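Shown next, in structure tokens, is the structure this report addresses.
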Protein chains: 2
Amino acid sequence: MSTPAEQRAATPERFFNAINSYQLTEAIKSAIELEVFTAVDEGNTTAETIAKRCHAAKRGMRILCDFLSVHNFLTKQRTNYALAADSALFLNCNSPAYLGSAIEFLLTPRLRECHAHLTDAVRRGGTALGEGMLDPENPDWVKYARGMMAMARRPAEIIAAELRKEGEAHKVLDIAASHGMFGISVAKQSPSAHIYASDWKNVLEVAKKNADAMGVGDRYHLIPGSAFEADFGNGYDLALITNLLHGFDTLACTELMRKVHVALNPEGRVAIAEYVPNPDRVSPPTAAGFSLTMLAATPWGDAYTFAELEGMSRAAGFTRVELSPAELGRNRLVIAYR
Amino acid sequence: MSTPAEQRAATPERFFNAINSYQLTEAIKSAIELEVFTAVDEGNTTAETIAKRCHAAKRGMRILCDFLSVHNFLTKQRTNYALAADSALFLNCNSPAYLGSAIEFLLTPRLRECHAHLTDAVRRGGTALGEGMLDPENPDWVKYARGMMAMARRPAEIIAAELRKEGEAHKVLDIAASHGMFGISVAKQSPSAHIYASDWKNVLEVAKKNADAMGVGDRYHLIPGSAFEADFGNGYDLALITNLLHGFDTLACTELMRKVHVALNPEGRVAIAEYVPNPDRVSPPTAAGFSLTMLAATPWGDAYTFAELEGMSRAAGFTRVELSPAELGRNRLVIAYR
């Protein structure tokens, strides 16, 4: 409980800012759509010249750039704007690390709509909109594959390097392959590895295209359909389950892990990339906060703690489960050994 | 420009969080709609008991409360939640300082829709949706009057006390009276003051009801219609213009100030409560950030600097313009002397 002294010091600012925080979503979205960060990178530093480059009104651009400066995505000196370090790297189309296309998925209308019905979702204990984002062949997963690929590149490289430390993989099952980056990274680091990618058919078209473009297409095989129903075959020494388990309840996750267990060689292991909150479920912020999206957008999904992921894995027959210290950013790497 | 060292340290976290920041809007909205903070104040501290009190699912409530804890609107110890100081004071229906009803206006669909079209607004240099929030008799201003009254109470008292230091007011013009709190506070502190409230007819019904409830109804008079067109009469020693000028361009503001100048006694003054950014237009954050709402929701509105407000006032004939040091929270008090 708060003390009287704390109450005297309290102001409505945090409430007011929290209620209005959707405006930051819209401002970053507009800046990406209009290529504001790219315009600044190209040497346009005033509202007038940025507006010209972005085909926008000077007045509109001045107000948008000031807002982006308030939130430190730009810096402002007199009337000149410059890029913050992360904006230069991730939001500028001229940067090889550009991530702006992630908004195509992160702000897809269905996901926004799911969150707009959050009060109902809290009442029900799951998405208020049917299956939420989990409708079969939901075209948003193609947007995910296209939009989130850039965001996955670095974590995928880190995971592949981490996994290789414990031995070369030859036959790899990539479940919920999406853009394919996780499996493709393993293929690039292990020249003899064949990747079997499982996802919806329309999504696998994106993965295959990426595998071809990255020179591993001849070792890239497709298993279209739901991961819960598809026939994976067997003989895998590595399986990847990246950003999938959070969409489902413990029972479904355990079933899937059991199915993977059967498909693995005796020495096989499964690498799980996930949002993993601490046991308190309120830290670290991004991983813990991700549960809300699962409440809004899925019937039963959640961000699982390591203990929960370990429990599912053991229930599925895995003998050892470890939380890797590898730094992936928002996700953690969990490895379950058959 | 960022240095290579800064770029190496850069992560996409701020971008990811900014894009998802609309989720905080939805979470606070849901918590207010479900009366989560009130439930905790009433002694319910676990997801289960809070859910029961709020007629929601335990699972939904656990995830919502964890999210609110991530953002420090609740605190969490083991599985028990408690209120942050500002949540206890402002978001709990049992508190006399409750402000939760502000979401009725702050998240009114028209305002959200204006922001959803921000990219077009930046292109045009003004709202993409007709007159935005400025349609005559827009019913959202009734929501404003009802929802924002609590938020105005404290600033209104501070302004009335500040104005009284320089002398008692007898005839007061309250332009854009809304809930009436600013004029009513003057009336309460100055027992001989008569208030003439100008606003749309439907809005003035709220103001009149509040004036009656607060015991100043017999000194409360109504001037229905647009402030730009209504006949104010004259003989005022004080005019209040609170949270109005930001909706209009410099020319319209100057015209209104001229109209007020004519209505004032020779010794009269006008008190302007406004978002007043510093000359850099990027600080303080809340005042500077408010320009974006005006871009999204009005054709020509803006958050004006003190120099701009002084310029309009002088152009309208006022001889002296001062920025009061009074602490109002998000707004500042500017006083123009005839």
Side-chain angles (χ1 to χ4, degrees), chain A residues 1-2 6-7 10-15 18-28 30 33-34 56-57 59-61 63-64 66-67 69-70 76 82-83 85-86 88-91 99 103 106-107 115-116 118-119 121-125 151 280-282 285-286 288-289 291-292 295 329-330, chain B residues 1-2 6-7 10-16 18-19 21-28 30 33-34 56-57 59-61 63-64 66-67 69-70 76 82-83 85-86 88-91 99 103 106-107 115-116 118-119 121-125 151 280-282 285-286 288-289 291-292 295 329-330:
Chain A
M1 293 298 296
S2 53
E6 282 170 340
Q7 290 202 354
T11 75
E13 278 312 285
R14 288 203 321 135
F15 162 60
I19 281 296
N20 287 334
S21 57
Y22 75 95
Q23 296 170 3
L24 178 56
T25 298
E26 307 297 357
I28 297 282
S30 291
E33 288 176 348
L34 294 165
R59 173 185 144 76
M61 192 53 74
I63 292 176
L64 177 62
D66 282 345
F67 192 86
S69 301
V70 168
K76 187 180 185 186
L83 296 173
D86 50 359
L89 198 54
F90 301 118
L91 304 180
L99 298 179
I103 65 169
L106 292 173
L107 299 179
H115 284 91
L118 181 62
T119 302
V122 177
R123 287 200 185 104
R124 294 169 185 224
M151 220 145 180
D280 63 12
R281 298 199 103 95
V282 295
T286 304
S291 282
L292 191 85
L295 173 66
R330 296 170 292 134
Chain B
M1 292 300 294
S2 53
E6 282 170 340
Q7 290 202 354
T11 75
E13 278 313 286
R14 290 203 320 135
F15 163 59
F16 188 75
I19 281 295
S21 56
Y22 75 96
Q23 297 171 2
L24 178 56
T25 299
E26 306 297 357
I28 298 281
S30 291
E33 288 176 348
L34 293 165
R59 173 185 145 75
M61 193 53 75
I63 292 175
L64 178 61
D66 282 345
F67 192 87
S69 301
V70 167
K76 187 180 185 186
L83 296 172
D86 49 358
L89 197 55
F90 301 119
L91 305 180
L99 299 179
I103 64 169
L106 291 174
L107 298 179
H115 285 90
L118 181 62
T119 302
V122 177
R123 286 200 186 103
R124 293 168 185 227
M151 219 145 181
D280 64 14
R281 296 199 105 93
V282 294
T286 304
S291 283
L292 191 85
L295 174 65
R330 296 170 292 135

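Residue numbers begin at 1 in each chain, while the letters A, B, ... track the order of the sequences. The structure displayed is predicted, hence computed values, not measured ones.
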Could you grab the distance from atom OG1 of Thr25(A) to atom NE2 of His115(B), nearest 0.5 Å is fine?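 Rounded to the nearest 0.5 Å, the OG1-NE2 separation comes to 11.0 Å.
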Hey, could you give me the OG/CG distance between Ser30(B) and Leu295(A), rounded to the nearest 0.5 Å?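 Between Ser30(B) OG and Leu295(A) CG, I get 9.0 Å after rounding to 0.5 Å.
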Relative to chain A, which segment of Phe15(B) carries a heavy atom at a distance below 4.5 Å: side chain, backbone, both, or neither?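 Both parts, backbone and side chain.
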Looking at chain A, which one of [options] has the largest number of heavy-atom pairs inside 4.5 Å, strictly under?
{"options": "Ser291(B), Ala121(B), Ala288(B), Gly329(B)", "value": "Ser291(B)"}
{"options": "Ile28(B), Leu118(B), Leu107(B)", "value": "Leu118(B)"}
{"options": "Met61(B), Glu26(B), Arg124(B)", "value": "Glu26(B)"}
{"options": "Arg330(B), Gln23(B), Glu33(B)", "value": "Arg330(B)"}

Run the salt-bridge test on Lys76(A) and Asp66(A) with the 4.0 Å N-O cut-off and return the result as yes or no.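 Here Lys76(A) pairs with Asp66(A) in a salt bridge, since their nearest N and O are under 4.0 Å apart.
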For the student: nearest non-hydrogen atoms of Ser21(A) and Leu24(B), plus distance: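 Heavy-atom minimum between the residues: OG-CB, 3.6 Å.
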For the student: nearest non-hydrogen atoms of Tyr22(A) and Leu106(B), plus distance: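 Taking Tyr22(A) first and Leu106(B) second, the nearest heavy atoms are OH-O, 4.1 Å.
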Name the option with the most non-hydrogen atom pairs under 4.5 Å to chain B; the candidates are Ala57(A), Ala27(A), Ala116(A), Gly289(A).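 It is Ala57(A).
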Who among Leu64(A), Leu34(A), Ile103(A) has the most heavy-atom pairs with chain B under 4.5 Å?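 That would be Leu34(A).
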Below 4.5 Å, heavy atoms only, C-beta onward: do Leu99(A) and Phe16(B) meet side chain to side chain?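 Not in contact.
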